[in-house]
Amino acid sequence: MASAETDHSHDHGHDHEHGAEHGHEQEHSHEHGAGQPLWHRLTHAVRPHSHDAADKVDSAMETSADGIRALWISLTVLGVTAILQAVVAVLSHSVALLGDTLHNVADALTALPLGLAFIVGRRAPTRRYTYGFGRAEDLAGIAIVLVIAASSAFTAYEAIRRLAHPQTVHHLWAVAVAAVVGFAGNEIVARYRIVVGRRIGSAALVADGLHARTDGFTSLAVLLGAGGVAIGWAWADPVIGLVITAAIAVVLADAARQVYRRLMDAVDPALVDQVEQTLRATPGVVDIGTARIRWIGHQLRAECEIAVADEATVVEAHAIAHDAEHRLMHAVPRLTAAVVHAEPAGTVRSAQHRATSAHAARTAGTRATER
C-alpha cells in the first residue's frame, strides 16, 4: 500500500520567499506532480527532496547573524556598565554595588558561550551530526545557568560576611549614580535580547534577556541601599546585597527550567495542536497518527504520521504527504524541517487499536496485581 515520507532536500522554483515566521502573501503557482511526466512523478515520489532549501538556509543564517549581533551589542553595553560600577564599588566598599557589578559582569560574559553556540550552530550537518549543531545553544544555556549560580553564591557570601563584619560605605552619591547606570544598561540589553530572541526563536537568548532585566531592578535596589546608609542604617547595604541574591535566585530557577525543557525536547502543547489541526485540514488526510516536534537550536523540526485512503497509489499518497508538509511549513512559525509519513487508513487504525488494546491489557494486569 502507498506510503510516503517527505523531507527538505530538494529545490523547487517557488515564487515567494519564506520569512522568519514563514509568512507569505500569495499562493504557490504549482502543484507537485501535476502536469509532470509519469517517470518524473514516480522518481519524485521516492527521491528525498526539500522545500525551498536555499531559503531555509538563508533564513537560518540570518537568524544566527541576528543572534550574534545581539550578543556582541549586549557584551559592549554591559561591559561598559560593569566597568563603571566596578570603579565605584572599589572606592565605596558597597557590597550591594559589588553584587550588582558581578551580576553585570556575569551577564556580559554569557554572551561568549552563546556567541560560540550561534557560530557552531550555523555549521552544516555531517555524517556524524546528522541534525546539525543547533544543540550547541542548549549547552550554552547550561553554561549560563552555572554562571548565574556562581555569581549569586558569591554575592550571598559577601553580604553575609559584611553583616558579620560591618564596613563603612563611602561616596554614596557615586553609588546612587552607578545604580541608575546599572539599571539603564541592563534594561537596554534586556529589551534588545528578548525581542531578538523571540524573533529568532532562541530560548537561551530570551532567558539571558530576562536575567538582564532582573539585574536592572536589582540595580535600583542598590539605590535603596545607598539611601538607607545615608540615613544611618549601616546594615542596609549588605541586606540589599542579600535581596539581590534572592532576586537572581528566582531568575536562576526560571532560566534552569527553560534550559531543562529544551534539553528534554519539550515544546508548547499549542504547537502540537497547531500541527494536528493543520494535518487534519489537509485534503486527502483520513486520520493522523503521532505528531512530534522538537527544538534544534532556534529552529523546529516535525515528524508526523498521516493516514490516507486504502486505495491510494504511491504517487497519490506522496502528493498528500507533501501537501501536508507544505501546509505545516507555512502554519507553524520557525518550522524549518518536516517529515510526513503516509500509511493506509486501515493500517493506522489497526495500529491504534493494537496500541489501545495493549494499554488496556497492561492496565488490567496492573489492577489485578494490586488486588
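All of these numbers come straight from a predicted model, not from anything done at the bench.
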Distance-only, no hydrogens or angles: does the [X] side chain make a donor-acceptor pair with backbone N or O of [Y] under 3.5 Å?
X	Y	value
Asp310	Ala345	yes
Gln274	Ala331	yes
Thr282	Val285	no

Look at the side-chain heavy atoms of Ile, Leu, Val, Met, Phe, Trp and Tyr, link any pair under 4.5 Å apart, and say whether [X] and [Y] land in one connected group.
X	Y	result
Tyr192	Val206	no
Val267	Met329	yes
Leu139	Ile148	yes
Leu146	Leu252	yes
Phe183	Val243	no

Non-hydrogen side-chain atoms of Leu224 and Leu220 separated by less than 4.5 Å =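 Leu224 does not reach Leu220 side chain to side chain.
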ask   = Does the side chain of Glu316 come within less than 4.5 Å of Val308's, by heavy atoms?
value =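 Heavy-atom side-chain distance check fails, nothing below 4.5 Å.
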inquiry  = Working note: Gln85 + Asp100, criterion side-chain contact (heavy atoms from CB on, under 4.5 Å); need CA distance, chi angles, decisive distance, verdict.
reply    = CA-CA 8 Å; Gln85 288 188 310; Asp100 195 40; 2.8 Å; yes
key: Full working for side-chain contact (heavy atoms from CB on, under 4.5 Å) between Val181 and Val177   = CA-CA 6 Å; Val181 170; Val177 172; 4.3 Å; yes
Who passes side-chain hydrogen bond (donor to acceptor under 3.5 Å, both in side chains) against [X], sequence neighbours left out?
X	value
Ser92	none
Arg280	none
Glu303	Tyr131
Arg262	none

Nearest heavy-atom neighbours spanning [X] and [Y]:
X	Y	answer
Gly185	Thr81	CA-OG1, 3.8 Å
Thr101	Ala89	OG1-CB, 4.3 Å
Val272	Ala291	CG1-O, 4.3 Å
Val175	Ala226	CG1-CB, 4.0 Å
Ala338	Leu335	CB-CD2, 4.5 Å
Ala317	Ala342	O-CB, 4.1 Å

Set of residues satisfying salt bridge (charged side-chain N to carboxylate O under 4.0 Å, His left out) with respect to [X], sequence neighbours excluded:
X	value
Asp254	Arg257
Arg292	none
Arg161	Glu158

query = Would Arg261 and Asp268 pass as an ion pair if we require N to O under 4.0 Å?
reply = no
Between [atom1] of [X] and [atom2] of [Y], what distance do you get to the nearest 0.5 Å?
X	Y	atom1	atom2	value
Glu325	Cys304	CD	SG	10.0 Å
Arg193	Leu78	CZ	CG	5.5 Å
Asp287	Ile306	CG	CD1	10.5 Å
Ile293	Arg334	CD1	CZ	12.0 Å
Asp265	Asp138	CG	CG	8.5 Å
Leu223	Leu172	CG	CG	10.5 Å

key: Hydrophobic cluster of Val95, others only, ordered by chain and residue number, side-chain cut-off 4.5 Å   = none
remark   = For Leu91, the other hydrophobic cluster members (4.5 Å side-chain criterion, sorted by chain and number) are Val87
message = Restricting to side-chain contact (heavy atoms from CB on, under 4.5 Å), what partner residues turn up for Ile83, sequence neighbours left out?
response =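 Partners of Ile83 under the side-chain contact (heavy atoms from CB on, under 4.5 Å) test: none.
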request  = Could you pull out all residues at least two apart from Trp235 that satisfy ring-ring contact (aromatic ring centres under 6.0 Å, His included)?
outcome  =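 ring-ring contact (aromatic ring centres under 6.0 Å, His included) list for Trp235, sorted by chain: Trp233.
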ask   = Who pairs with Phe133 by ring-ring contact (aromatic ring centres under 6.0 Å, His included), at least two apart in sequence or on another chain?
value = Tyr129
ask   = Under the side-chain contact (heavy atoms from CB on, under 4.5 Å) criterion, do Leu84 and Val88 qualify, and how do the steps go?
value = CA-CA 7 Å; Leu84 293 175; Val88 177; 6.0 Å; no
task = Walk me through it: do Leu242 and Leu163 pass the test side-chain contact (heavy atoms from CB on, under 4.5 Å)?
result = CA-CA 10 Å; Leu242 290 175; Leu163 279 173; 3.7 Å; yes
